[in-house]
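Some notes on the structure that comes next.
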Amino acid sequence: MSKELLDRIFMEGKTEEEKLELERRITAIFSDIGRFYHERRPVDDLAVQEKGLELMNLLTEVFELEYFDELEEISEGFGDETLLRTKVLTNEVEAYLTDILSKVREGR
């Protein structure tokens, strides 16, 4: 992993306030995605797609597009483990989120 990507992951250069705000926004998106999953909304539902796009925009803000390829390459090395794994997301919701992000990328 490059130092630049590592700095992005740990949000180097951002104030504690900015870091907390980004974490709050990401957690809120994950919460909404979890709710959509439990409501059995399809990944092509407009609200689901908008939330997926919101997450993509936020990730782009944090990582910038130039680091996405490196992130994907690293994530492939994890096998069944992924970089999205958090205490907020179950395996099922994580798979749902992966499908949402794939659909969002198709639309770009």
Side-chain angles (χ1 to χ4, degrees):
M1 182 178 304
S2 70
K3 179 186 180 327
E4 292 81 10
L5 178 58
L6 200 55
D7 287 347
R8 294 275 178 189
I9 289 171
F10 289 102
M11 295 184 266
E12 293 297 321
K14 298 217 181 280
T15 66
E16 287 304 311
E17 214 171 85
E18 290 170 321
K19 289 177 186 180
L20 285 172
E21 177 60 17
L22 285 168
E23 289 172 7
R24 184 200 62 75
R25 289 169 58 196
I26 289 171
T27 300
I29 292 169
F30 283 171
S31 177
D32 288 341
I33 294 292
R35 182 172 43 83
F36 292 155
Y37 172 80
H38 292 291
E39 291 173 355
R40 301 190 192 295
R41 290 194 188 193
V43 296
D44 58 356
D45 178 277
L46 182 59
V48 173
Q49 284 295 293
E50 286 174 349
K51 198 53 69 173
L53 184 58
E54 184 180 343
L55 178 60
M56 284 295 292
N57 288 337
L58 185 57
L59 292 175
T60 301
E61 181 182 324
V62 172
F63 293 109
E64 295 185 9
L65 289 175
E66 65 187 273
Y67 297 102
F68 273 39
D69 288 340
E70 186 178 353
L71 272 172
E72 284 186 27
E73 193 174 299
I74 291 166
S75 138
E76 288 170 3
F78 281 90
D80 288 340
E81 299 296 317
T82 73
L83 294 176
L84 291 174
R85 185 154 327 267
T86 68
K87 293 179 182 177
V88 176
L89 301 178
T90 64
N91 292 344
E92 296 80 13
V93 174
E94 183 181 330
Y96 179 69
L97 175 57
T98 299
D99 290 345
I100 292 167
L101 295 179
S102 292
K103 197 79 159 162
V104 168
R105 281 191 212 130
E106 285 175 15
R108 283 190 157 191

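Just the heavy atoms: all of them, side chains too, but no hydrogens, waters or symmetry mates, feed the values below. For reference, positions follow the sequence shown, starting with 1.
Arg25 places a side-chain heavy atom less than 4.5 Å from the side chain of Leu22. Side chains of Ile33 and Leu55 form no contact here, defined as non-hydrogen atoms less than 4.5 Å apart.
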Taking only distance into account, with no hydrogens and no angle test, what donor-acceptor pairs under 3.5 Å do side-chain atoms of residues 42-50 form with protein atoms, sequence neighbours excluded?
{"unit_1": "Asp45", "atom_1": "OD1", "unit_2": "Ala47", "atom_2": "N", "d": "2.9"}
{"unit_1": "Asp45", "atom_1": "OD1", "unit_2": "Val48", "atom_2": "N", "d": "3.3"}
{"unit_1": "Gln49", "atom_1": "NE2", "unit_2": "Val43", "atom_2": "O", "d": "2.6"}

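Between Ile100 atom CD1 and Leu53 atom CG the span is 12.0 Å, to the nearest 0.5 Å. To the nearest 0.5 Å, the span separating CZ on Arg24 from CD1 on Ile29 amounts to 9.0 Å.
Looking only at distances, a side-chain donor or acceptor of Thr60 sits under 3.5 Å from a matching main-chain atom of Met56.
Note: the hydrophobic cluster containing Leu58 also contains Phe36 (ILVMFWY, side chain heavy atoms under 4.5 Å, direct or indirect links).
Residues forming a side-chain hydrogen bond (donor to acceptor under 3.5 Å, both in side chains) with Glu23 (at least two apart in sequence, or on another chain): none. Residues meeting the side-chain hydrogen bond (donor to acceptor under 3.5 Å, both in side chains) test with Arg40, sequence neighbours left out: none. Residues that satisfy the side-chain contact (heavy atoms from CB on, under 4.5 Å) test with Lys19, not counting sequence neighbours, are Met11, Lys14, Glu16. Evaluation of the ring-ring contact (aromatic ring centres under 6.0 Å, His included) rule for Tyr37 yields Tyr96 as partners, not counting sequence neighbours. For Glu12, the side-chain hydrogen bond (donor to acceptor under 3.5 Å, both in side chains) criterion is met by no residue, not counting sequence neighbours.
With Phe30 as reference, Ile26 is the one residue of Thr27, Ile26, Asp32 to meet the side-chain contact (heavy atoms from CB on, under 4.5 Å) rule.
Around atom CD of Glu17, no more than 12 heavy atoms belonging to other residues, nucleotides or ligands sit under 6.0 Å away.
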